[in-house]
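Have a look at the structure below, then the notes.
Both ligands and their constituent atoms are indexed starting at 1 by order of listing. Reckoned from all heavy atoms, side chains included, excluding hydrogens, waters and symmetry mates. Since the model is a prediction, treat every value here as computed from it, not as a measurement.
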Amino acid sequence: MKNKTNKKSFDILNDPKINKGTSFNLKERNKFQLNGLLPPKISNLKNQINRAYENFRKKPNDLEKYIFLTELQNRNETLYFKLILDNIEEMMPIIYTPTVGEACQHYGDIYRRPKGLYLSYNFKGKVKSLLKNWANNDVEIIVCTDGERILGLGDLGANGMGIPIGKLVLYTICAGINPTKCLPITIDVGTNNQKLIDDPMYLGLSHRRIKGSNYEDFIDEVISSLDEVFPKAVIQFEDFGNKNASHFLKKYKKKYRIFNDDIQGTGCVVLAGILSAMKKLETTISKQKILFYGAGSASIGIANLICKEISKNGCSINEARKNIFLFDSNGLVVNNREKLNKEKQPYMKDLKLENDLLSCIKKVKPTILIGASGVRNAFSPRILREMEKINDSPVIFALSNPTANSECTAKDVFLNTKGKAIFSSGSPFKPIISGEKEFHTSQANNAYVFSGVGLGVLLSKIKIISDDIFLNAAHTLSEITSENDLKNGKIYPSINQIRNISIKIAHSIVKSFNKKIEYKDIENEIYYPSYK
Ligand code: NAI
């Protein structure tokens with residue numbers, strides 16, 4: 001029998017970029033032969049959003065909500081982005097941390113449709129041909145992971161694809177980057193996660209990670225191919241293993257339009273939070289003693305950017321480092337420690353080794369404590385009480401994601417610092433309300449900065465993304481944080497303002513290169529989800 005499928009009509013309904021579902025009007029239904037294929041009642045975007053929101057709300061848990069949104073994205077992109085844009089505060093934790101972590105852990109089970117590009121080691125020597133398979137060559141932002149350190153969850157191999165996809169959704173939501181110009185990439189060189197290797201549902205290469213020069217050459221090939229095929233794109237590295245993250249950043253940052261969000265984005269957002277906390281406490285960053293618990297990509301990125309900031313005020317970087325202390329899985333970073341990697345060495349102190357965080361706090365007396373270790377509950381009540389004993393108003397960051405890995409909760413901080421601490425976390429916590437007292441906290445969300453930075457770099461057309469760009473973005477973000485936010489204990493503005501924040505960051509970056517552009521020009525140029 002002859003296939004009578006009306007392919008054109010179904011093509012339209014199956015293309016999430018142009019599908020309007022029940023919002024196709026009569027003229028469009030006639031033109032594209034959609035009559036009968038859709039229910040007769042003609043809807044509009046507002047009604048569709050209400051319906052989608054109701055359905056979203058009915059989902060029994062966050063992973064189901066994530067799956068619901070992913071399926072909506074597969075059906076109708078405009079509706080998807082508008083729904084999230086209208087409900088950022090509620091939906092950001094679903095499309096990104098903490099839920100995206102759970103989604104990555106189940107990626108093989110919830111996989112429905114191809115999204116993003118998998119650059120697998122099988123194609124060594126042929127990466128360019130894979131890139132050319134991508135439908136659009138006008139790519140502006142690429143987010144790229146090799147899945148080795150997904151959030152605080154470790155090596156998830158090819159299942160890490162949820163991360164670049166999620167980050168690029170945020171680029172569209174936060175900074176209005178057109179979704180057609182976003183490219184999520186997962187470099188698959190295998191995984192050292194034996195559970196995944198043994199799992200028949202796992203979708204990546206089921207062998208241990210390729211190492212050494214084979215790995216290094218493959219990443220070189222990926223980067224040079226990306227630069228050649230998508231020359232104007234900004235490349236964001238994300239969730240590479242600790243050593244590789246800093247190694248590749250150093251290797252590529254002076255040659256390609258690249259930055260690492262775990263290192264530089266985190267540095268930027270935490271610096272912005274500290275600058276705001278300093279305003280609230282009426283002091284300066286140069287006067288602080290900062291202790292990091294965990295000394296990986298995030299902590300080193302934050303520490304380095306803080307030192308740059310302090311050194312702007314006249315002292316040397318070495319001078320600035322004196323008040324910054326690192327504590328990793330082997331204890332305090334001190335002179336006589338063996339096998340310290342190059343990133344940590346500049347922070348070595350002439351002190352006795354301390355293996356216990358509480359004793360270390362008693363000795364160092366930090367004013368700011370920053371956790372980026374992935375160690376759940378590392379900031380015990382005794383530690384928090386000690387921070388309160390040393391400081392009138394201690395500043396505490398518990399950055400580890402997802403929520404289950406956080407060094408402490410908002411409640412822990414509230415109860416053990418008499419509500420006096422300024423607290424910020426990697427995953428969001430609800431305010432604590434106790435009698436008359438309300439304790440508000442903020443999420444040190446990299447989304448505050450990376451999308452504005454990406455947009456600013458694109459508009460500036462600069463090739464190299466320097467640290468000054470991140471210092472600029474940190475100051476811009478801190479300036480947007482209002483007196484009222486500070487009064488309420490928050491050190492970041494509401495995430496609902498994210499478009500304004502991203503545009504302001506981009507605007508400030510473009511201006512720093514003496515290029516003329518108005519805020520309004522950027523606002524008018526970026527993508528806004530609506531039916532055409
Ligand atoms: P990483 O793997 O590079 O570093 C982890 C560090 O923690 C290492 O220095 C390790 O020695 C240390 N560590 C592990 N166990 C420890 C223990 N028992 N005691 C002391 N130190 C210990 O990871 P990365 O990229 O630095 O990220 C760390 C955490 O921060 C992750 O959970 C990640 O999700 C989170 N993060 C949050 C961000 C945010 O909220 N904006 C941004 C970037 C990372």
Could you see which bit of [X] sits under 4.0 Å from ligand 1, with heavy atoms only: side chain, backbone, both or neither?
X	result
Arg149	side chain
Ala298	both
Thr266	side chain
Asp328	both

Contact check: Asn446 vs ligand 1, nitrogen or oxygen atoms, below 3.5 angstrom =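 Yes, since at least one N or O of Asn446 sits under 3.5 Å from an N or O of ligand 1.
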protein heavy-atom neighbour closest to atom 16 (C) of ligand 1 works out as Val375 CG2, 3.6 Å
heavy-atom search around atom 32 (O) of ligand 1 in the protein gives Asn401 N, 3.1 Å
Of the choices Ser424, Gly152, Gly294, Ala372, which has the non-hydrogen atom that lies closest to atom 5 (C) of ligand 1?
-> Ala372
Under 4.0 Å from a heavy atom of Asn242: give me the atoms of ligand 1 that qualify, with their elements.
->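 Near Asn242, the atoms of ligand 1 are 1 (P), 3 (O), 4 (O).
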Salt bridge between Glu216 and Lys251, side-chain N to carboxylate O under 4.0 Å?
->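 Salt bridge between Glu216 and Lys251, a charged N being under 4.0 Å from a carboxylate O: yes.
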Among all residues two or more places apart in sequence or in another chain, which pass the side chain to side chain contact (heavy atoms under 4.5 Å, CB included) test with Ala410?
-> Phe423, Phe429, Ile432, Thr441
Test side chain to side chain contact (heavy atoms under 4.5 Å, CB included) applied to Leu353 - qualifying residues, sequence neighbours left out |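 Counting only residues at least two positions away or on another chain, Leu353 forms a side chain to side chain contact (heavy atoms under 4.5 Å, CB included) with Val334, Arg337, Asn355.
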Please state whether the rings of Phe237 and Phe248 are parallel, tilted or perpendicular, taking 30° and 60° as the class boundaries.
-> perpendicular
